[in-house]
Amino acid sequence: MKKTRFIMHSIVLLSIAWLAVLTSCSSVVDKEKEQPNIILFLVDDMGWQDTSVPFWTERTPLNDKYHTPNMERLAQQGMKFTQAYACAVCSPTRVSLMSGMNAARHRVTNWTLRRGVSQDAKDEILEFPKWDMNGIQTADSIEYAVATTPLPQVLKDNGYFTIHAGKAHFGALTTPSANPCNLGFDINIAGHAAGGPATYQGLKNYGHDENGIPLNVWAIPGLEKYHGQDINLTEVLTIEAKLALDSALSIDKPFFLYMAHYTVHVPIEADNRFYQKYKSQGLDETEARYASMVEGMDKSLGDLMDYLEQKGIDDNTIILFMSDNGGLSAHARGGELHVHNAPLNSGKGSAYEGGIREPMIVKWPGTVQPKTKCDDYLIIEDFYPSILEMAGIINVIPKQEIDGVSFVPMLLQEGSTATDRELFWHFPNKWGGHGPGIGTTSTIRSGQWKLIYWYSDQHFELFNIHQDIGETNNLAAEHPQIVKELAKKLGDYLRSVNAQRPSNKQNGQIVPWPDEVQL
């Protein structure tokens with residue numbers, strides 16, 4: 001193995017063999033040309049409006065509240081997607097991203113942490129299924145886990161130097177995939193089983209005591225050389241990512257950098273490089289801290305873009321920007337709850353647009369026309385086949401069945417993969433937050449229509465997203481035929497992937513499929 005530098009959590013002792021089984025997709029890359037470098041820049045809990053880049057038809061007060069000049073810069077150089085979707089919470093999104101599978105199929109439908117322990121909140125009505133609470137793995141020997149051929153392993157097996165930086169949250173504690181290196185990454189920087197940081201502050205040793213011992217499960221591993229320094233976690237991850245990119249360039253390989261920031265996940269702590277600016281603008285304490293975290297994330301994006309230009313590899317590097325779920329609105333934010341993603345309704349954990357619609361930008365020099373916009377919808381599992389097509393990786397077979405559809409035709413402006421396609425979300429669980437659209441649901445998006453099925457009382461909500469982006473007007477009673485048609489499509493899809501359902505505590509019966517409910 002070529003010389004690499006591994007930064008791993010001390011409690012992760014298990015490792016498993018990497019697999020050489022790959023996935024199939026088509027290619028637009030000229031094989032005689034150099035394979036492109038790829039940076040996937042994923043932000044944690046960033047809402048659709050947490051940016052100065054407008055993703056709606058008009059600017060909003062939130063677009064004027066935040067300052068993200070490097071997202072603006074990226075949008076000027078690439079294509080902006082206004083209807084990019086992820087799951088409502090983090091682990092389902094990350095597993096879909098790494099596997100190309102819809103959450104209903106892979107069954108990692110809530111957030112993961114401890115091995116064999118469900119993170120479902122208690123519910124008075126519903127009993128939740130035994131979902132894949134141990135996350136994504138490469139072997140089928142781990143209970144309550146989904147075995148896959150993960151994206152970084154495919155890239156690695158096809159000549160890429162693969163780098164993980166930041167939040168992993170792929171597998172539960174003590175499972176192999178708690179260490180990203182067991183999913184095909186050559187280098188792991190600060191990634192482990194937990195889905196959030198103990199603290200962003202180097203002065204607090206990122207959650208360790210003065211001897212470097214983790215104070216809790218949220219302590220960020222592998223950054224000991226920064227302990228005691230006044231340096232934010234977001235900046236540290238960027239510094240380390242650039243050092244890893246130096247390693248890739250030194251061995252003359254194309255690289256795949258998965259820049260998966262912990263920010264803007266709680267705890268909401270000030271990034272001192274930007275905090276005072278927002279306090280001076282009159283924001284309350286929480287919102288000033290949050291805005292500083294957003295700008296710290298944006299600074300990281302700019303630093304990486306500057307790095308590419310300085311190294312002369314900007315023209316051969318693809319950048320994909322995405323968030324893993326909607327912005328936090330249920331708690332821990334200043335002011336009124338559930339307005340932080342306006343005009344979208346609600347936020348993280350919700351089936352409403354505020355919980356699943358994300359800011360997405362793609363820059364592909366020489367291929368994607370600058371300053372362009374795509375208003376067609378796509379979903380997180382589409383990144384798997386899309387990235388492989390961008391990399392020119394073809395004629396390979398994965399363990400898992402791929403639900404994602406490449407969005408490369410939309411990047412090329414040669415057609416829409418959204419035409420005649422439905423999107424599906426499935427959450428047979430209960431997240432910890434409360435608010436609009438937060439609950440046990442299955443959802444279908446078909447063209448302008450969106451249908452949400454609630455398992456607790458088997459009622460439906462129907463929205464025309466084109467006319468009512470804020471989902472304020474439930475049209476289910478006015479359009480029973482549309483409800484019936486979409487419920488049938490939703491039910492058929494859930495059956496086709498053998499989706500799990502909750503059961504009713506009172507009678508022990510599994511809750512009916514959506515198309516079995518009498519309207």
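Position 1 is the first residue of the sequence, and the numbers go up from there. Just the heavy atoms: all of them, side chains too, but no hydrogens, waters or symmetry mates, feed the values below.
Across N325, D324, D45, a single residue satisfies side chain to side chain donor-acceptor pair (under 3.5 Å) together with K348, and that is D45. Here the options are F128, W131, Y144, the test is side-chain contact (heavy atoms from CB on, under 4.5 Å), and the partner is S118; only W131 passes.
Once rounded to the nearest 0.5 Å, the distance linking OH of Y258 with CG of L97 reads 5.0 Å. From T175, atom OG1 reaches atom CE of M133 across 12.5 Å, with rounding to the nearest 0.5 Å. The line from CG of L257 to CD1 of I163 is 5.5 Å long, rounded to the nearest 0.5 Å. A distance of 9.5 Å separates CG of L337 from CG of L328, quoted to the nearest 0.5 Å. Atom CD1 in I482 sits 7.0 Å away from atom CG in L486 (nearest 0.5 Å). Here L223 contributes atom CG and Y206 contributes atom OH; the two are 6.5 Å apart, rounded to the nearest 0.5 Å.
Taking 4.0 Å as the cut-off between side-chain N and carboxylate O, E143 and R115 count as a salt-bridged pair. Remark: R445 does not engage E422 in a salt bridge, criterion side-chain N to carboxylate O under 4.0 Å. Salt-bridge formation is detected for the pair E353/K450: a Lys NZ or Arg NE/NH1/NH2 atom is positioned less than 4.0 Å from an Asp or Glu carboxylate oxygen. Here D120 does not pair with K430 in a salt bridge; the nearest charged N to carboxylate O distance is not below 4.0 Å. A salt bridge links R495 and D515; the closest N-O separation between the charged side-chain nitrogens and carboxylate oxygens is under 4.0 Å.
Within the 3.5 Å criterion, the main-chain N or O of G47 finds no donor-acceptor partner in the side chain of S323. Using a distance-only test at 3.5 Å, with no hydrogens or angles considered, a donor-acceptor pair links the side chain of D382 to the main chain of I379. Side-chain atoms of S503 do not come within 3.5 Å of backbone N or O of Q509 as any donor-acceptor pair. Counting only distance, with no hydrogens or angles, the side chain of Q35 and the backbone of A391 share a donor-acceptor pair below 3.5 Å. The backbone N or O of S446 lies less than 3.5 Å from no partner atom in the side chain of K489, so there is not a single donor-acceptor pair. Checking side-chain atoms of Y200 against main-chain N and O of Y262 turns up a donor-acceptor pair under 3.5 Å. For the pair Q83 (side chain) and D375 (backbone), a donor-acceptor distance under 3.5 Å is present. For N158 (side chain) and I393 (main-chain N/O), no donor-acceptor pair under 3.5 Å exists by modelled atom type. Judged purely by atom type and a 3.5 angstrom limit, D123 uses its side chain to pair as donor or acceptor with the backbone of L126.
The 12-atom threshold is not exceeded at NE2 of H434, counting heavy atoms of other residues, nucleotides or ligands nearer than 6.0 Å. Within a 6.0 Å sphere centred on CG of D420, other residues, nucleotides and ligands contribute 12 heavy atoms or fewer. Annotation: K130, atom NZ; neighbour count of heavy atoms from other residues, nucleotides and ligands within 6.0 Å does not exceed 12. Residue E124 qualifies as open at atom CD: its count of foreign heavy atoms under 6.0 Å is 12 or below. A 6.0 Å sphere centred on CZ of R114 holds no more than 12 heavy atoms belonging to other residues, nucleotides or ligands.
Closest non-hydrogen pair, H426 versus A499, comes out as NE2-CB, 3.7 Å. Minimum heavy-atom separation, S350 to P436: OG-O, 2.8 Å. The minimum heavy-atom distance between N216 and A198, with the atom names listed, is OD1-CB, 3.7 Å. A pairwise comparison of heavy atoms in M79 and C374 identifies SD-CB, 3.8 Å as the closest pair. The minimum heavy-atom distance linking I361 with M71 is given by the pair CD1-O, 3.7 Å. When all heavy atoms are compared, the tightest approach of F170 to M98 is CE2-CG, 3.8 Å.
The aromatic ring centres of F407 and F383 sit less than 6.0 Å apart. Ring centroid separation for the pair F460 and Y453 comes in under the 6.0 Å cut-off. Between F321 and F41, the ring center distance clears the sub-6.0 Å criterion. Taking the six-membered ring for Trp and the full ring otherwise, the centers of H340 and Y290 sit at least 6.0 Å from each other.
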* Take H261 and T234 through the test side-chain hydrogen bond (donor to acceptor under 3.5 Å, both in side chains) and record every step on the way to the result. => CA-CA 7 Å; H261 277 294; T234 302; 4.5 Å; no
* Give the intermediate values and the outcome of side chain to side chain contact (heavy atoms under 4.5 Å, CB included) for residues R421 and V405. => CA-CA 10 Å; R421 181 192 186 193; V405 178; 3.8 Å; yes
* To do: Before giving the answer on side-chain hydrogen bond (donor to acceptor under 3.5 Å, both in side chains), spell out for H459 and D457 the whole-Å C-alpha distance, their side-chain angles and the decisive distance to 0.1 Å.
  => CA-CA 6 Å; H459 83 275; D457 59 4; 2.5 Å; yes
* Kindly indicate, with the supporting measurements, whether the criterion side-chain hydrogen bond (donor to acceptor under 3.5 Å, both in side chains) is fulfilled by W48 and E358. => CA-CA 5 Å; W48 192 59; E358 317 302 336; over 6 Å; no
* List the steps, then state whether side-chain hydrogen bond (donor to acceptor under 3.5 Å, both in side chains) holds for T148 with S99. => CA-CA 6 Å; T148 68; S99 70; 5.9 Å; no
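Ring planes of H164 and F185: perpendicular class, angle over 60° (limits at 30 and 60°). Ring geometry for Y85 versus W425: interplanar angle over 60°, hence perpendicular rather than tilted (30 to 60°).
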